[in-house]
J.: 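Here it is, the structure in full.
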Amino acid sequence: MTLTLNNFTQLENFGHSLRAPSYRFRPECTEEIQEIFQLAVENELTVTARGAGRSYNDAALNGGGIMLDLSMMNQILEWDSATGIVKCEPGVTLEKLWQHVEPDGWWPPVVSGTMKTTLGGCLSANIHGKNNFKKGTIGEHVLEFSAILPSGEMVTCTSEQNMDLFYSMISGLGMLGIFTSITMQMKRLYSGLMRVDARPALNLHEHLADILENAPHNDYIVGWLDTTHGGATLGRGQIHASNNLKEGEDPNAQETLKLSYQNLPDRLFGVMPKSLLHYFMRPFVNNLGWWGVNTAKYVASLRKHTFLQSHAAFHFLLDYVPNWERSAGPGGLIQYQSFLPKETAETAWREMLTMALKRGMPSYLGVTKRHRPDKFLLTHALDGFSLALDFKVTEGNRSSLSQMLKEFDRIVIEAGGRFYFAKNSETSAETARRFLGEETIAKFKELKYRCDPGNLLESDLFRRVFG
Ligand SMILES: Cc1cc2nc3c(=O)[nH]c(=O)nc-3n(C[C@H](O)[C@H](O)[C@H](O)COP(=O)(O)OP(=O)(O)OC[C@H]3O[C@@H](n4cnc5c(N)ncnc54)[C@H](O)[C@@H]3O)c2cc1C
């Protein structure tokens, strides 16, 4: 293959709030990745891997450099339906993976809130699901991966072989090497349905207490938090706690495990194509409109009830409306996710949510989860909770929003919290140093030097946080 630099493309983050022009290449095999590395060296350019570009921030952006788009390396290489072990290329999406394994009675053990992400991107961020407190991050289910280092050397890593690379490339933001194949253990299913308990939480204290108390008794737990109400009802919302059905519980398991039972409908009420829905949402994406939407949702959530739901519907709620992030308008949206110890979360979030309301910049969506710590180098998880807040960005609020999020950073750091490199776009080098610690940063830089002495792999995020 003869490669030339003639494919300059404008790339964006998921929320369309950041842009970075890059030379985009779509390799189809490991040899082509090696050739792209060579081209980058010859032209003194840096390289960033990109899966599906679903990171909310600049993790998969590389202004002025090369974008290594791995979406064409998307084959499921091996699948053993007896053991649930699957080997994939890095561009396989969670969508392709679950659709391949689910009819055989298996499910990816950890998934993000969208099925559009790729396995390479999921390992690099070390994603968590609504079961983080029980199953940990995706990295804990990886049996083996292969990767190519910038030197062209191929490495194979497991939790015992090349252990330091295993625990640092997973969570390493694509800055140490490029995953070329990933072997994972899937989780057994005995039905295509899950049982979901939905109940209201009247305020932040009740919200977090419910998650803390009930997480151990459920497979998954997640909270929706009404970010537009303050005072005594600040933090009110709805908790969804859910469990997989056990063996023998679903008399129609053969039927419910079929893909036709799982697919999200592509029309609303059977009429309106969902692909158009984000245009209709746009007029409501302002403080007043969203206050109305949140209030209506809260009132509807006051009824405590239990229902059966397909796995896809439970896990991928955010995929119901394709391109929903476009409804935020031309400035796009960003997400601010903070992870706080269970002892300090309530006080810190009370201060942050109150500040956002007082300054007229409420978040439009708040989601809470329960977490546990893990052994990966750039870990974001801890024994506590996370709160993800989505903010609309406009020309008018860009700088005041950025200022407020810096104040949030201070509150989170003082409360012993952490951040997630797939989400926040404001985290500074100083903030990262404070939550990761000097030792972790030194270890990451040492590994970076060992795997990539010429700093071939760099992203906008890397320059912002570790540059
Ligand atoms: C609607 C929505 C819901 C989400 N819900 C969750 C959630 O519940 N939990 C959660 O943890 N995250 C969640 N995320 C974040 C998302 O899971 C991560 O940002 C994930 O990394 C995106 O995967 P991607 O394939 O799009 O990767 P990209 O965004 O393209 O890239 C992410 C990182 O991976 C690197 N990378 C990509 N491919 C490779 C490779 N082959 N080798 C080495 N490095 C590579 C990139 O350089 C970059 O640093 C959500 C995102 C969205 C948009």
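Order of listing sets the numbers, starting from 1, for every ligand and every atom in it. This is a predicted model, so every value here is computed, not measured.
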J.: Tell me the contacting part of Lys369 for ligand 1: side chain, backbone, both, or neither, using a 4.0 Å heavy-atom threshold, strictly below.
T.: side chain

J.: Is a side-chain donor-acceptor pair under 3.5 Å present for Thr117 with Ser112?
T.: yes

J.: Which residue is it: Arg372, Lys187, Lys134? I am looking for the one with a salt bridge (charged side-chain N to carboxylate O under 4.0 Å, His left out) to Glu140.
T.: Arg372

J.: Which of these, Met352, Met404, Lys423, sits in a side chain to side chain contact (heavy atoms under 4.5 Å, CB included) with Tyr336?
T.: Met352

J.: Using heavy-atom distances, let me know which of Thr117, Leu461, Thr48 sits nearest atom 16 (C) of ligand 1.
T.: Thr117

J.: Below 4.0 angstrom from a heavy atom of Gly174, which ligand 1 atoms are there? Numbered from 1 as shown, please.
T.: 43 (C), 44 (N)

J.: Compute whether any side-chain donor of one residue and acceptor of the other, for Glu102 and His311, lie under 3.5 angstrom apart.
T.: no

J.: Sort out for me which residue in Asn131, Asp383, Asn132 forms a side chain to side chain donor-acceptor pair (under 3.5 Å) with Arg370.
T.: Asp383

J.: Taking Asp69 first and then Arg24, would you say they form a salt bridge - that is, a charged N and a carboxylate O separated by under 4.0 Å?
T.: yes

J.: Are His315 and Trp107 near enough that their ring centres are under 6.0 Å apart?
T.: yes

J.: Tell me: protein heavy atom nearest atom 14 (N) of ligand 1, and distance?
T.: Lys423 CE, 3.5 Å

J.: For atom 46 (C) of ligand 1, which protein heavy atom lies nearest, and how many Å away is it?
T.: Ala49 O, 3.0 Å

J.: Would Ser459 count as a contact of ligand 1 if the rule is a heavy atom under 4.0 Å away?
T.: no

J.: Between Gly172, Gly121, Ser55, Ser124, flag the one that comes closest to atom 38 (N) of ligand 1 by a heavy atom.
T.: Gly121

J.: Considering the heavy atoms of Gly177, write down every atom of ligand 1 situated less than 4.0 Å from one of them.
T.: 43 (C)

J.: Is the shortest N/O to N/O distance between Thr118 and ligand 1 below 3.5 Å?
T.: yes

J.: Please report the shortest heavy-atom distance between Gly113 and Leu318, naming the atom on each side.
T.: O-CB, 3.6 Å

J.: Taking atom types as modelled and ignoring hydrogens, do the side chains of Thr228 and Asp226 form a donor-acceptor contact shorter than 3.5 angstrom?
T.: yes

J.: Regarding Asp164 and Arg450, does a basic nitrogen lie under 4.0 Å from an acidic carboxylate oxygen?
T.: yes

J.: For atom 24 (P) of ligand 1, what is the nearest protein heavy atom, given as residue, atom name and distance?
T.: Ala52 N, 3.5 Å

J.: Just distances here: any N/O of Arg50 and N/O of ligand 1 closer than 3.5 Å?
T.: no

J.: Which residue and atom name correspond to the protein heavy atom nearest atom 5 (N) of ligand 1, and how close is it?
T.: Gly113 N, 3.0 Å

J.: Any heavy atom of Met175 sitting closer than 4.0 Å to ligand 1?
T.: no

J.: Answer yes or no: does an N/O atom from Ile178 fall short of 3.5 Å to an N/O atom of ligand 1?
T.: no

J.: Give the numbers and elements of all ligand 1 atoms closer than 4.0 Å to a heavy atom of Phe14.
T.: 53 (C)

J.: Side chain or backbone of Ser112 under 4.0 Å from ligand 1, or both, or neither, by non-hydrogen atoms?
T.: both

J.: Give the contacting part of Pro90 toward ligand 1: side chain, backbone, both or neither, where contact means a heavy-atom distance below 4.0 Å.
T.: side chain

J.: Would you say Ile127 and ligand 1 have an N/O pair spaced under 3.5 Å apart?
T.: no

J.: Output yes when the distance from some N or O of ligand 1 to some N or O of Ala60 is under 3.5 Å, and no in every other case.
T.: no

J.: Taking the side chain as C-beta and beyond, is there a heavy-atom pair between Leu70 and Phe179 under 4.5 Å?
T.: no

J.: For atom 18 (C) of ligand 1, what's the nearest protein heavy-atom neighbour? Residue, atom name and distance, please.
T.: Ala422 CB, 3.8 Å

J.: Which residue owns the protein heavy atom closest to atom 9 (N) of ligand 1, what's the atom, and how far is it?
T.: His128 O, 2.8 Å

J.: Check whether any heavy atom of Tyr420 sits under 4.0 Å from an atom of ligand 1.
T.: yes

J.: Would you check the N or O atoms of Leu173, main chain and side chain alike, for any that come under 3.5 Å of an N or O of ligand 1?
T.: yes

J.: Using a 4.0 Å cut-off to any heavy atom of Ala125, which atoms of ligand 1 qualify?
T.: 21 (O)

J.: Let me know which of Tyr420, Phe339, Phe133 forms a ring pair (Phe, Tyr, Trp, His ring centres under 6.0 Å) with His371.
T.: Phe339

J.: What I want to check is whether the side chains of Asn218 and Asn243 have a donor and an acceptor closer together than 3.5 Å.
T.: yes

J.: Between Asp210 and Asn214, is any side-chain donor less than 3.5 angstrom from a side-chain acceptor?
T.: yes

J.: Number the atoms of ligand 1 from 1 as they appear, then name those within less than 4.0 Å of a heavy atom of Leu318, with their elements.
T.: 1 (C), 3 (C)

J.: In the protein, which heavy atom is nearest to atom 26 (O) of ligand 1, and how far is it?
T.: Arg54 N, 2.7 Å

J.: Has ligand 1 got any nitrogen or oxygen that is less than 3.5 angstrom from a nitrogen or oxygen of Phe179?
T.: yes

J.: Quick one: do the Trp224 and Thr368 side chains pair a donor with an acceptor below 3.5 Å?
T.: no

J.: Provide, to 0.1 Å, the distance between atom 48 (C) of ligand 1 and the closest protein heavy atom, together with that atom's residue and name.
T.: Ala59 O, 3.3 Å

J.: Assess Lys130 for proximity to ligand 1: is some non-hydrogen atom of it under 4.0 Å away?
T.: no

J.: Under a plain distance cut-off of 3.5 Å, with no hydrogens placed, do Asp390 and Ser363 share a side-chain donor-acceptor pair?
T.: no

J.: Among His380, Lys369, Arg418, Gln337, exactly one meets side chain to side chain donor-acceptor pair (under 3.5 Å) together with Ser386. Which residue is that?
T.: Gln337

